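Heads up: numbering here begins at 1 and tracks the sequence. Predicted, not measured: the structure shown is a model, and the values here were computed from it.
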Amino acid sequence: MNHGVWFNGVGIMLKQGVATDLDFVTPDILRNDPYSQEWLRPFGLKWFAGVHVGDGLEKWAPSIQRSEEQGPFTSEDVDQLRLLSRGVSSAAAVGSALGFARAEAALEAFEISNKAVVILNRSGEAVLLNRAAERLLCDDLQIRNGHLTCRDTVARRTLGAAIHAVCKSAPGSELLHPIRITRQNGNAIVAFVTPARGVALDVFSPCQAFVILIDPMERRIPSPEVLQKLFPLTPTEARLAYRLATGHKLHDLAATCGFSYETGRNHLKSIFAKLGVNSQSDLVAALVSIATPLGIF
């Protein structure tokens, strides 16, 4: 059968909720159609009805087959299937909305822990991402035509294969394998693709997989607010400790923050004493080590 003829049935199904084979072909065409005669007839099947199910974002078409003895679908059958289409579509819309709510809650948890994450649907398309992930997107790593991709040819193939395996629930896809994505600046991003267990509770959920992105060169330091809760630091000392740990120099900070270099040195001595360290490198090491158990890494 000409595929274009079958696609005529898609338009009817989307418009009316249901399409039967006799809506777009004749019995004569069915008798001479290779698909009907070589694929369906050996199983005793002949008549077809497609039921539209949609949640506003995605569309499905469950196919119902009947034997030749059962005969074609009647107008009463079509009315019943149309009610089925509306009922299941409503359930799909509710399931999709709940799935998005769960996905957004999961995304917020990743945001709080400062992890960059992209959420994918069952087709491997990016449907949500957090601010940490947005900051990592560049010419080397981007979302193109709805799909996460990268400039690195080898990494692009590996990432695509991992996403396909996870979204299709292929055996072994639950294992986390790091994917190294090189960048033009010489540094790499490490990607992990994992099923969204606990979030993708049903087929209608838009969240089926996570891609967790890590920049190994990025220093993740507890915020000044967190530092004040952990140590007896003043607000000025907490901000200074944070900025020093993220790579700023004391001389530059003194100029931009409005205090003298000597005042900055006095603040630094106080910070060292309160944290029990003796140098700026020790300060950085201490704050980075704190980040991991806090969930900031």
query: Tell me the salt bridge (Lys or Arg N to Asp or Glu O under 4.0 Å) pairs involving residues 138-154, sequence neighbours left out?
result: D140-R151
message: I'd like to check H52 versus V18 (side-chain heavy atoms, cut-off strictly below 4.5 Å). Are they in contact?
response: no
field: Identified side chain to side chain contact (heavy atoms under 4.5 Å, CB included) counterpart of T158 within the set I181, I179, V193, T153
entry: I179
- prompt: Going by heavy atoms in the side chains, are L22 and W47 under 4.5 Å from each other?
  reply: yes
message: Check this for me: does any side-chain nitrogen of one of D77 and R66 sit under 4.0 Å from a carboxylate oxygen of the other?
response: yes
field: Minimum side-chain heavy-atom gap V78-S75 below 4.5 Å
entry: no
query: Do L244 and L250 have side-chain heavy atoms sitting under 4.5 Å apart?
result: yes
- prompt: Going through the checks in order, is the side-chain hydrogen bond (donor to acceptor under 3.5 Å, both in side chains) test met by S281 and S279?
  reply: CA-CA 5 Å; S281 59; S279 66; 3.0 Å; yes
- request: State, with a plain yes or no, whether a side-chain heavy atom of L159 is found less than 4.5 Å away from one of T149.
  value: no
field: Where at least one partner belongs to residues 156-165, residue pairs that pass salt bridge (Lys or Arg N to Asp or Glu O under 4.0 Å), sequence neighbours excluded
entry: none
Side-chain donor/acceptor pairs under 3.5 Å, residues 266-273, sequence neighbours excluded:
residue: N266; atom: ND2; partner: E262; partner atom: O; Å: 3.4
residue: S270; atom: OG; partner: E237; partner atom: OE2; Å: 2.7

query: Which heavy atom of A238 sits nearest a heavy atom of P224, and at what distance?
result: CB-O, 3.5 Å
message: Nearest 0.5 angstrom please: Q142 CD to H147 NE2, how far?
response: 13.5 Å
- prompt: Are any of the side-chain nitrogens in K249 or D252 under 4.0 Å away from the carboxylate oxygens of its partner?
  reply: no
query: In Å, rounded to the nearest 0.5 Å, how long is the span from CZ of R243 to CZ of R239?
result: 7.0 Å
message: Is any side-chain heavy atom of T246 closer than 4.5 Å to one of V284?
response: no
- prompt: Are Q228 and V226 close enough that some pair of their side-chain heavy atoms sits under 4.5 Å apart?
  reply: no
- line: Heavy-atom nearest pair, F231 first then L275, reads CG-CD1, 3.8 Å
statement: In this structure, SG of C150 is separated from CG of L137 (nearest 0.5 Å) by 11.5 Å
query: To the nearest 0.5 Å, what is the distance between NE2 (H251) and OG1 (T256)?
result: 11.0 Å
field: Within-4.5 Å side-chain heavy-atom neighbours: D79 and R82
entry: yes
message: Quick check: closest heavy atoms across R183 and C138, and the distance to 0.1 Å?
response: CD-SG, 4.5 Å
Heavy-atom pair of closest approach, residues V190 and P178: CG1-CB, 3.8 Å
field: D215 side chain to I189 backbone, donor-acceptor under 3.5 Å
entry: no
Heavy-atom closest pair, residues A19 and I12: CB-CG2, 4.0 Å
message: Let me confirm one number: the CZ-OG distance from R41 to S67, rounded to the nearest 0.5 Å.
response: 12.5 Å
task: Could you state whether V154 and L213 fall into the same hydrophobic cluster, counting links through intermediate Ile, Leu, Val, Met, Phe, Trp or Tyr residues with side-chain heavy atoms under 4.5 angstrom apart?
output: no
- prompt: Hey, mind stepping through L129 and V117 against side-chain contact (heavy atoms from CB on, under 4.5 Å) and telling me if it holds?
  reply: CA-CA 6 Å; L129 69 161; V117 65; over 6 Å; no
query: Taking a hydrophobic cluster as the set of Ile, Leu, Val, Met, Phe, Trp and Tyr residues connected by side-chain heavy atoms closer than 4.5 Å, whether directly or through intermediates, do L81 and L83 fall within one such cluster?
result: no
message: For F210, run the side chain to side chain contact (heavy atoms under 4.5 Å, CB included) check against V118, T194, V166, L120 and tell me which one passes.
response: T194
Ring geometry between F24 and F48 (parallel below 30°, tilted from 30 to 60°, perpendicular above 60°): perpendicular
field: Shortest non-hydrogen separation from I163 to G124 and the atoms involved
entry: CG2-CA, 3.9 Å
field: CG-CD distance between D282 and Q280, expressed to the nearest 0.5 angstrom
entry: 10.5 Å
